[in-house]
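Naming convention: chains lettered A, B, ... in sequence-line order (proteins, then strands); numbering from 1 in each chain.
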Protein chains: 2
Amino acid sequence: MHRGGKPCCRRGGGSGGGALVEPAALAALARQGGHGYDLRREIRELTGGELDVDAGGLYRVLRRLEEDGFVTSAWAEGGSGPQRRDYEITEEGRELAQDWVAHLRERQRMSGLLADALSSALGNDDDRTNKEG
Amino acid sequence: MHRGGKPCCRRGGGSGGGALVEPAALAALARQGGHGYDLRREIRELTGGELDVDAGGLYRVLRRLEEDGFVTSAWAEGGSGPQRRDYEITEEGRELAQDWVAHLRERQRMSGLLADALSSALGNDDDRTNKEG
DNA sequence: TACACTATATGTCTCATACATATAAATGTC
DNA sequence: GACATTTATATGTATGAGACATATAGTGTA
């Protein structure tokens with residue numbers, strides 16, 4: 001789902017970057033809400049095209065978030081085209097999103113820490129080229 | 001496995017930070033090799049105690065890395081105490097580790113990017129407190 | 001004997017994701 | 001009208017990564 005950047009380290013499917021869809025969905029919802037198909041586009045735009053989440057996965061995440069009270073949804077009334085379900089973030093959802101911010105920063109830190117450790121263990125004399133991001 | 005920092009976002013077990021054990025193991029191996037139990041301690045030290053990997057998981061990772069030619073191992077001869085298997089990284093392992101560095105930097109960037117997006121969507125006026133890590 | 005520490009290993013569960021596919025309604029094209 | 005494409009939601013299934021529990025031995029010690 002990463003688009004750009006080789007699949008790298010022996011991954012066929014599955015996890016690899018760890019939990020990006022949920023926070024991305026929450027970010028899109030916090031900005032403006034809307035229906036799933038549109039949220040997906042919004043995520044692409046928010047991340048400059050770097051994160052293109054799986055549609056099926058996104059819908060599953062949205063329904064689970066609703067089950068747990070972090071978003072609400074309803075079938076959009078009127079309008080042409082296929083039925084669409086509009087999502088809105090709740091106050092609890094905002095709190096969850098706030099937790100995610102801290103969590104993502106921690107992940108960011110840990111990724112950098114490990115990258116530095118690996119790099120120095122390999123004898124790369126401090127190639128922090130991409131450091132920070 | 002994170003120790004320090006709440007479990008956060010609805011996780012019981014499983015993925016959540018995404019692939020840390022393998023690169024951590026490679027870092028420890030690149031520094032000095034050794035047996036599994038010791039590598040685990042080494043990982044703890046490399047990360048200032050922030051990453052304390054599951055022992056069972058570490059052994060599984062080591063054996064898979066060996067299957068794929070990224071490390072070699074042999075039962076240590078002599079010595080007292082329970083048998084131990086000594087691991088060494090191969091040239092291919094070093095190349096894999098090098099790929100991991102790039103991959104981790106990308107993850108670091110993506111985590112920061114998402115954290116910023118979420119934070120700004122929530123109306124936090126640029127609280128990049130923990131930014132960079 | 002009982003306990004703790006070292007050391008390796010397997011079982012089982014959850015979480016997060018990728019890829020494939022099913023379903024419909026509308027829209028465009030021939 | 002027939003057909004493909006786009007919008008939109010949804011399920012099936014497989015893989016990967018990790019958490020927690022537990023099994024197994026050897027070794028030292030109270």
Choose from dT7(D), dA9(C), dC19(C) the nucleotide whose nearest atom is closest to any side-chain atom of Arg60(A). dC19(C)

Out of dA8(D), dT27(C), dT6(C), whichever nucleotide has its closest atom nearest the side chain of Arg41(B): dT6(C)

Rounded to the nearest 0.5 Å, what separates atom CZ in Arg31(A) from atom CG in Leu39(A)? 12.0 Å

Rounded to the nearest 0.5 Å, what's the gap from CZ on Arg107(A) to OG on Ser111(B)? Could you check? 5.0 Å

[N], OP1 or OP2 - any side-chain N/O from [X] closer than 4.0 Å?
X: Tyr59(B); N: dA9(C); value: no
X: Arg63(A); N: dT9(D); value: no
X: Arg84(B); N: dA7(C); value: yes

Nearest-angstrom distance from the residue atom [atom1] of [X] to [atom2] of [N]:
X: His35(A); N: dT7(D); atom1: NE2; atom2: C1'; value: 8 Å
X: Trp100(B); N: dG16(D); atom1: CH2; atom2: C1'; value: 11 Å
X: Gln83(A); N: dA8(D); atom1: CD; atom2: P; value: 12 Å
X: Asp54(A); N: dA8(D); atom1: CG; atom2: C1'; value: 14 Å
X: Leu20(B); N: dG16(D); atom1: CG; atom2: P; value: 17 Å
X: Arg107(B); N: dA17(D); atom1: CZ; atom2: C1'; value: 10 Å
X: Leu62(A); N: dA16(C); atom1: CG; atom2: P; value: 14 Å
X: Arg40(A); N: dT6(D); atom1: CZ; atom2: C1'; value: 13 Å

Residue mapping more 5' on DNA chain D - nearest nucleotide basis, Pro82(A) or Gly57(A): Pro82(A)

Can you get from Leu122(B) to Tyr87(A) by hopping between Ile, Leu, Val, Met, Phe, Trp and Tyr side chains that sit under 4.5 Å apart? yes

Could you tell me whether Gly56(B) contacts a base, only the sugar-phosphate backbone, or nothing, with contacts defined as non-hydrogen atoms closer than 4.0 Å? base

Is the backbone N or O of Gly69(A) less than 3.5 Å from a side-chain atom of Thr90(A), with the two atoms forming a donor-acceptor pair by type? yes

Return the 5'-most residue of the pair Pro23(A), Ser80(A) with respect to DNA chain C, ranking by each residue's nearest nucleotide. Pro23(A)

Might you work through the salt bridge (charged side-chain N to carboxylate O under 4.0 Å, His left out) test for Asp54(B) and Arg40(B), ending with a clear yes or no? CA-CA 8 Å; Asp54(B) 177 64; Arg40(B) 194 181 166 216; over 6 Å; no

